[in-house]
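Note that this is a predicted model, so its numbers are computed, not measured. For ligands, and for the atoms within them, numbers begin at 1 and follow the listed sequence. Computed from heavy atoms alone, side chains included, the values below leave out hydrogens, waters and symmetry copies.
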Amino acid sequence: MQIHTTIESLRKARRVAGKVAFVPTMGNLHAGHITLMREAGARADAVIASIFVNRLQFGPGEDFNKYPRTLEADCEKLEAAGVAHLFAPDERLMYPEPQLYHVDPAPAQIGILEGEFRPGHFRGVATVVLKLLNIVQPDLALFGKKDYQQLMVLSNMVRQLALPVEVLPGETVRAESGLALSSRNGYLSTQELAEAPRLYRELVQICEAVRAGDHDFLKLEMAAMAHLRTHGWKPDYITVRRRIDLQPPSHERDPLVVLAAARLGQTRLIDNIEI
Ligand code: PAF
């Protein structure tokens, strides 16, 4: 695997790489990322991954400083997954001057769910992903469904700005307990790690109830949040939404997804399942 720390070197390699699938990450790679890399590899001549912890998408008081940076171990995993190129820029390369131009997704898309609790987050994500896409110029870009709203925002950005790239979603990878794999799971204590799969179990319960015909979403959501609270969680939201735009369902046949965000100790976890 070649590691590129300049745009020139990455672009030179990209020009002769054929059909390229790109997987942007913030590093600290787990099996979820690696599954994305392998899916990318099955669809292209070469996979380019990136690792960049993007300051722009972290709010004040969030975990930008403590976000795990594990480049050496990440490189070994990428190499083993057959990734051809890693773009690993530093902050001076990505933001050599204050970033004055941003992608501002519509308030309807980012004033809800994660965007409500993390103001500015999706502006930072969309801005860095547009910049990375411009640098890498891939044919395909893969994003995990674990960050469901991020996937929606980025798919819409690509479509609305006619970016010449196809966005492919990757399924969430889970531990045997059901816990969705996430770099932030590393912040959990042993005790919290044992408790964490409850978030997924609550989502499964809602999903099963809805599939069985219970459409009193509010009742189901309230019950799940109350249940989490009794086990020490601080839920931000658990909500059934339509998949297409993450707004409240308006029609019986809307394809649905149930999404959750909740704090366990100091760690904020998110998860979702398509119903
Ligand atoms: O999902 C992530 O890891 C990040 O939000 C992304 C897409 C790499 C942008 O920094």
About how many Å separate [atom2] of [Y] and [atom1] of [X], when rounded to the nearest 0.5 Å?
| X | Y | atom1 | atom2 | value |
| --- | --- | --- | --- | --- |
| Glu166 | Leu140 | CD | CG | 5.5 Å |
| Thr239 | Ile112 | OG1 | CD1 | 9.0 Å |
| Phe143 | Gln150 | CZ | CD | 7.0 Å |

Which of the ligand 1 atoms, numbered from 1, are nearer than 4.0 Å to a heavy atom of [X]:
| X | value |
| --- | --- |
| Gln57 | 4 (C), 5 (O), 9 (C), 10 (O) |
| Gln150 | 1 (O), 2 (C), 4 (C), 5 (O), 7 (C) |
| Val128 | 9 (C), 10 (O) |

_Distance-minimising heavy-atom pair for Cys207 and Glu274_ =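 Where Cys207 meets Glu274 most closely, the heavy atoms are SG-O, 4.2 Å.
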
*Return a yes/no value for Thr25: is any of its N or O atoms, backbone included, closer than 3.5 angstrom to an N or O of ligand 1?*
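Min N/O separation from ligand 1 is not below 3.5 Å for Thr25.
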
